[in-house]
Amino acid sequence: QVQLVESGGGLVQAGGSLRLSCAASGRTFSNYYMGWFRQAPGKEREFVAAVTWSSGSTYLADAVKGRFTISRDNAKNTVYLQMNSLKPEDTAVYYCAARKGPPNSSWYRGYSTESDYWGQGTQVTVSS
């Protein structure tokens, strides 16, 4: 059974940091793109960051460039999202997703059908 399990969310003050983890299990993800998405109350899900499992190439949304970094640990089958200089507008539920093969524009829009697997999400709350 394939599982993506997120952890590391919580409450933090503006300017603080959190590191989210996405532990993947149940299959080999070597040909997958691993992404982080977020959804704030009343808003659509949006792309945050992605990393290719094989090469480690990374992609970041403009809203988080310079503050967030994404990485993966092949040995632990885990993807990380390091979030620094957090802002109240970063408050959302953060989801990990896995897609086999190159992503398309719909994937970057966060459409659930464009990912093969999704985690349950972890809440990040940034207080001002």
Side-chain angles (χ1 to χ4, degrees):
Q1 182 182 0
V2 176
Q3 280 191 310
L4 301 179
V5 180
E6 303 98 333
S7 62
L11 174 64
V12 64
Q13 288 188 332
S17 298
L18 284 173
R19 188 177 79 157
L20 305 184
S21 299
C22 172
S25 63
R27 67 161 300 128
T28 301
F29 288 90
S30 56
N31 295 323
Y32 279 72
Y33 279 66
M34 304 298 295
W36 284 98
F37 295 81
R38 66 187 182 186
Q39 188 166 19
K43 294 188 177 181
E44 295 184 348
R45 184 158 50 199
E46 64 174 354
F47 169 76
V48 177
V51 62
T52 59
W53 205 279
S54 55
S55 68
S57 298
T58 61
Y59 310 86
L60 292 168
D62 288 343
V64 305
K65 282 181 181 176
R67 300 188 299 122
F68 292 11
T69 57
I70 186 172
S71 61
R72 90 275 190 249
D73 185 327
N74 288 353
K76 295 183 178 180
N77 248 23
T78 300
V79 176
Y80 301 99
L81 184 68
Q82 178 67 45
M83 306 186 296
N84 300 327
S85 302
L86 282 161
K87 305 175 181 179
E89 51 263 44
D90 294 317
T91 295
V93 178
Y94 283 70
Y95 297 93
C96 178
R99 174 186 167 92
K100 187 173 183 179
N104 55 22
S105 58
S106 294
W107 187 76
Y108 285 111
R109 291 192 183 102
Y111 292 176
S112 60
T113 54
E114 296 299 324
S115 285
D116 296 276
Y117 307 104
W118 286 91
Q120 293 298 312
T122 185
Q123 176 71 46
V124 171
T125 303
V126 184
S127 63
S128 57

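Values in this document were obtained by computation on a predicted structure and should not be read as measured data.
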Exercise for the section: First locate atom CG of D116, then atom OH of Y33, and finally report the distance between them rounded to the nearest 0.5 Å. Expected result: 13.5 Å

Exercise for the section: Check the hydrophobic clustering (I, L, V, M, F, W, Y; side-chain heavy atoms under 4.5 Å; chains of links allowed) and say if Y108 and W118 are grouped together. Expected result: yes

Problem - Donor-acceptor under 3.5 Å (N31 side chain, K100 main chain) - result: no

Handout entry: Gap between atom SG of C22 and atom CD of E6 - 0.5 Å precision
Key = 5.5 Å

Practice task
First locate atom CZ of R19, then atom OG of S71, and finally report the distance between them rounded to the nearest 0.5 Å.
Solution key: 7.0 Å

Exercise for the section: Please determine, by modelled atom types, if S55 and S57 share a side-chain donor-acceptor pair under 3.5 angstrom. Expected result: yes

Practice task
Supply the members, apart from V126, of the Ile/Leu/Val/Met/Phe/Trp/Tyr cluster built from side-chain contacts under 4.5 Å; use none for a lone residue.
Solution key: V2, L4, V12, L18, L20, F29, Y32, M34, W36, V48, V51, W53, L60, V64, F68, I70, V79, L81, M83, L86, Y94, Y117, V124

Problem - Euclidean distance, Q3 CD relative to Q120 CD, rounded to 0.5 Å - result: 9.0 Å

Exercise for the section: Compute whether any side-chain donor of one residue and acceptor of the other, for S17 and N84, lie under 3.5 angstrom apart. Expected result: yes

Exercise for the section: Starting at CZ of R45, measure out to CZ of R38 and round the result to the nearest 0.5 Å. Expected result: 13.5 Å

Completion exercise
On a heavy-atom basis, the closest approach of S21 and T78 is CB-CG2, 4.1 Å

Problem - Nearest-0.5 Å distance that lies between atom OG in S128 and atom CD in E89 - result: 10.0 Å

Practice task
Decide whether S112 and E114 meet the rule of one side-chain donor and one side-chain acceptor closer than 3.5 Å.
Solution key: no

Exercise for the section: Kindly state whether the ring of Y95 and the ring of F37 have centres lying under 6.0 angstrom apart. Expected result: no

Exercise for the section: Considering only NZ, NE, NH1 and NH2 on the basic side and carboxylate oxygens on the acidic side, decide whether K87 and D90 come within less than 4.0 Å. Expected result: no

Exercise for the section: Quick one: closest heavy-atom pair of A92 and A40, and the distance? Expected result: CB-N, 3.8 Å

Handout entry: Donor-acceptor pair, side chain of R72 and main chain of S54, under 3.5 angstrom
Key = yes

Handout entry: Side-chain touch Q123/T125, heavy atoms, less than 4.5 angstrom
Key = yes

